[in-house]
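Here is the structure we will look at, set down as structure tokens.
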Amino acid sequence: MNNQGFFNRVYEVVKEVPYGRITTYGAIAAYLGSKGAARMVGWALNGSYTSEENIPAHRVVNRSGLLTGKRHFGGTEVMKQLLESEGVIVEEDRITRFDELFWDPAEHL
DNA sequence: GGTGTGACCAGCT
DNA sequence: AAGCTGGCCACAC
């Protein structure tokens, strides 16, 4: 059912990310079956803001836990604020306790 | 239907 | 050690 498009699946996964948790592009891409399509995941999130649904893209970071797409939120501090608002500590545009806060889609889904 | 792109990843120089 | 290039896949024009 959710095979209609790669984008749609990315949205579903990101929306399933629990509060105060984060995931990575590579993890999502790998879960979708396209390990090398990490770039595609970021692009999907690029359209997330155009999507009718509210996609917590701020919970998605790169493999280093770095807020790579922070600039796409319309403000580098916006993403940080959102994460800290959920209890996630952000330092130097990077997730602290990244290993602990990391949420693997394959593990939950 | 080919080309370009994109918020990455990993390896090479 | 750090910077850069290529590769990867799927969508838009």
Side-chain angles (χ1 to χ4, degrees):
Chain A
M1 294 207 248
N2 22 4
N3 279 346
Q4 293 179 350
F6 200 92
F7 278 37
N8 205 344
R9 296 186 70 180
V10 173
Y11 300 148
E12 291 298 316
V13 174
V14 176
K15 286 190 297 185
E16 287 297 316
V17 177
Y19 180 91
R21 287 296 191 92
I22 54 171
T23 187
T24 68
Y25 302 98
I28 298 173
Y31 170 70
L32 295 178
S34 303
K35 184 184 178 188
R39 308 179 81 187
M40 193 65 271
V41 178
W43 205 359
L45 292 176
N46 184 17
S48 69
Y49 112 95
T50 26
S51 180
E52 300 175 356
E53 303 292 333
N54 183 14
I55 313 297
H58 59 272
R59 293 181 187 157
V60 185
V61 295
N62 70 344
R63 72 174 186 94
S64 303
L66 192 69
L67 308 182
T68 50
K70 61 180 198 265
R71 46 173 147 181
H72 280 276
F73 279 80
T76 58
E77 299 180 4
V78 177
M79 191 171 187
K80 181 179 177 181
Q81 286 263 327
L82 288 169
L83 288 169
E84 290 187 339
S85 197
E86 298 185 356
V88 180
I89 312 298
V90 179
E91 238 177 73
E92 298 290 317
D93 299 334
R94 146 187 83 155
I95 305 290
T96 60
R97 309 283 209 263
F98 172 69
D99 297 343
E100 298 178 7
L101 297 175
F102 174 72
W103 179 83
D104 192 340
E107 185 178 329
H108 184 73
L109 305 175

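Order of the sequence lines fixes the chain letters, A, B, ..., with proteins taken first and strands second; residue numbering starts at 1 for each chain.
Closest to the side chain of Trp43(A), from the set dG4(B), dA7(B), dC8(B), is dG4(B). For Thr68(A), taking side-chain heavy atoms from C-beta onward, the closest of the listed nucleotides dG6(B), dA7(B), dC9(B) is dA7(B). In this structure, of dC11(C), dA7(B), dG6(B), it is dG6(B) that holds the atom nearest to the side chain of Arg39(A). With distances taken from any side-chain atom of Met40(A) to the nucleotides dT5(B), dA7(B), dC9(C), the minimum falls on dC9(C).
For Ser34(A) and dC8(C), the shortest distance from a side-chain N or O to OP1 or OP2 is not below 4.0 Å. In terms of phosphate contacts, Arg9(A) brings no side-chain nitrogen or oxygen within less than 4.0 Å of OP1 or OP2 of dA10(C).
dC11(C) atom P lies 10 Å from atom OH of Tyr11(A), rounded to whole Å. Rounded to a whole Å, the CG atom of Asn46(A) is 18 Å from the P atom of dA10(C). In this structure, Lys70(A) atom NZ and dA7(B) atom C1' are separated by 11 Å, rounded to whole Å. Atoms CG (Leu67(A)) and C1' (dC8(B)) sit 15 Å apart, rounded to a whole Å. Between the CZ atom of Phe6(A) and the C1' atom of dA7(B) there is a distance of 14 Å, given to the nearest Å. One interatomic measurement links the two molecules: CD1 of Ile28(A) to P of dA10(C), which rounds to 16 Å at whole-angstrom precision. One interatomic measurement links the two molecules: CG of Asn62(A) to P of dC8(C), which rounds to 21 Å at whole-angstrom precision. If you take OH of Tyr25(A) and P of dC9(B), they are 8 Å apart, rounded to a whole angstrom.
Between Trp103(A) and His108(A), the ring planes lie tilted relative to each other; the angle falls in the 30° to 60° range.
Shown are Thr68(A), Thr24(A), Ile95(A); of these, the side-chain contact (heavy atoms from CB on, under 4.5 Å) with Asn62(A) is made only by Thr68(A).
Within the 4.0 angstrom heavy-atom criterion, base atoms lie near Ala57(A).
A donor-acceptor pair is defined here as one N or O able to donate and one able to accept, closer than 3.5 Å; such a pair exists between the side chain of Arg59(A) and the backbone of Val17(A).
Ion pair Lys80(A)/Glu77(A) not flagged as a salt bridge, since none of the NZ, NE, NH1 or NH2 atoms sits closer than 4.0 Å to an Asp/Glu carboxylate oxygen.
Side-chain contact between Leu83(A) and Ile22(A): present, with at least one pair of heavy atoms (C-beta onward) separated by less than 4.5 Å.
Map Ala38(A) and Phe7(A) each onto its nearest nucleotide of DNA chain C; the residue landing nearer the 5' end is Ala38(A).
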